[in-house]
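These figures come from a predicted structure and were not determined experimentally. Atoms within each ligand, like the ligands themselves, are counted from 1 in listed order.
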Amino acid sequence: MAIWAGDADAPNAIVGGGPRAPPEPGRGGARLAIIGFGGAGRELARLLALKSDEMDRLGVKVVAVADSRGAAICPRGFTGYELLKLAETPRSQVSSGPCGRPGAGVDEVYDETAPTIHVEVTPSDYETGEPGLSHAFKALRSGASFVTANKAPLALRFWDIVSEAASRGLYLGYSATVMAGTPLVSLLRGLRGCELRSFEGILNATTNYVLTVMQEKLVPLEEALEEAKAVGVAEPDPSLDLEGWDAAAKLVIVANTLGYKLTLGDVRRRPLNVSLGDVVSAMRRGRVVKYVARFTPGGAAEVAPVEVEQGSFLAQARGTENAVTIDVGFNVVKLAGRGGGVDATAHALLADIIEAVRGWVP
Ligand code: HSE
């Protein structure tokens with residue numbers, strides 16, 4: 001898949017600037033700023049530390065890490081050991097670790113380190129999009145590629161962000177926003193030019209985990225939710241999962257990646273409000289309740305609890321697994337795998353970072 005060609009309709013790729021050769025391995029180099037330092041940001045810091053030999057070969061350094069109260073800023077690049085120490089600092093206290101700067105924010109990070117890749121791991125806010133939305137434009141207008149696990153900026157302003165990246169020839173990576181850890185976004189890129197008939201899938205790990213626990217342990221939703229929170233896939237505000245915001249945002253990102261201008265407001269959203277009785281009743285009838293996102297071009301876009309046949313592809317996704325079926329007429333493509341969790345998200349971010357630096361070379 002050639003992703004270096006200038007193609008404004010090629011989200012999640014290096015866009016704009018015309019064809020150019022990928023850098024020699026190790027010649028790319030990048031200064032990373034990790035903005036947001038909750039579970040996924042910390043896991044990424046650990047992963048980069050563990051892969052420090054490979055990062056050295058690629059010339060990738062982490063020059064700043066920021067949370068809501070301050071930053072750690074290190075223009076020479078943190079050592080692997082320092083990254084591990086940062087990952088151990090208490091929540092919202094990254095500025096108490098190595099090179100800590102209490103009160104410093106994204107502006108100081110940019111002024112002092114001029115990052116070339118901005119990694120956005122702040123929480124998603126679907127009303128304002130902030131802080132991720134401002135960070136996306138700050139990054140791209142400052143000449144930094146934008147790699148995000150935060151869904152809100154793309155769910156709210158997908159094409160504005162794609163255009164901003166395209167006009168500047170910068171990489172926009174969002175593999176971590178949908179089915180993190182399972183390369184759905186790459187798969188969607190491989191379907192460009194196909195005619196979509198329908199997309200349906202389980203895109204939210206928390207609701208799937210809740211439903212799986214209800215089915216297997218016969219406990220009510222509230223009890224199953226406590227288990228889901230302990231697994232670490234729920235949003236900081238789990239109502240975003242239960243009310244369908246997370247699945248709807250992912251459906252918007254999927255549809256736009258396939259070239260459709262779907263907005264969050266276009267997605268009919270029904271919350272997960274099923275009782276244990278509903279779940280058991282479905283099982284007695286050979287069916288399973290799943291929280292499913294569906295999009296048909298020119299038709300419906302919705303996220304809702306629905307019953308599917310036991311043994312069907314979607315029914316087989318258990319726990320934090322996601323599963324999607326994409327009908328493009330001549331082919332029905334299916335993909336299943338982990339969808340979220342800090343380790344899966346960190347790996348998806350790493351894949352984008354490597355692609356931003358090296359392009360699509362193995
Ligand atoms: N809260 C999200 C989910 C995390 O449950 O799927 C992964 O995007």
Chemist: Return yes if a side-chain donor-acceptor contact under 3.5 Å exists between Glu200 and Ser198, otherwise no.
Modeler: no

Chemist: Using a 3.5 Å cut-off on N or O atoms only, is Gly340 in polar contact with ligand 1?
Modeler: no

Chemist: Mark yes when over 12 heavy atoms from residues, nucleotides or ligands other than Lys85 sit less than 6.0 Å from its NZ; otherwise mark no.
Modeler: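 It does not: Lys85 NZ has 12 such atoms or fewer within range.
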
Chemist: Where is the nearest protein heavy atom to atom 4 (C) of ligand 1: which residue, which atom, and how far?
Modeler: Val233 O, 3.2 Å

Chemist: Would Lys250 count as being in polar contact with ligand 1, using the rule that some N or O on each side must be under 3.5 angstrom apart?
Modeler: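 There is such a contact, yes.
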
Chemist: Establish, for the pair Lys138 and Tyr110, whether the NZ or CZ atom is under 6.0 angstrom from the six-membered ring centre and no further than 45 degrees off its axis.
Modeler: yes

Chemist: I'd like to check which ligand 1 atoms, numbered from 1 as shown, lie under 4.0 Å from a non-hydrogen atom of Asp241.
Modeler: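 Near Asp241, meaning under 4.0 Å from one of its heavy atoms, ligand 1 has 1 (N), 2 (C), 3 (C), 5 (O).
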
Chemist: Go through Tyr260 and Phe295 one step at a time and tell me if the ring-ring contact (aromatic ring centres under 6.0 Å, His included) criterion holds.
Modeler: CA-CA 10 Å; Tyr260 298 93; Phe295 171 65; 5.3 Å; yes

Chemist: List the steps, then state whether side chain to side chain contact (heavy atoms under 4.5 Å, CB included) holds for Arg197 with Thr296.
Modeler: CA-CA 6 Å; Arg197 292 199 176 163; Thr296 308; over 6 Å; no

Chemist: Please list, in number order, the atoms of ligand 1 under 4.0 Å from a heavy atom of Glu235.
Modeler: 1 (N), 2 (C), 4 (C)

Chemist: Could you see which bit of Asn204 sits under 4.0 Å from ligand 1, with heavy atoms only: side chain, backbone, both or neither?
Modeler: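 Within the 4.0 Å criterion, Asn204 contacts ligand 1 through backbone and side-chain atoms alike.
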
Chemist: Could you find the nearest protein heavy atom to atom 5 (O) of ligand 1 and give me its residue, atom name and distance?
Modeler: Thr206 OG1, 2.6 Å

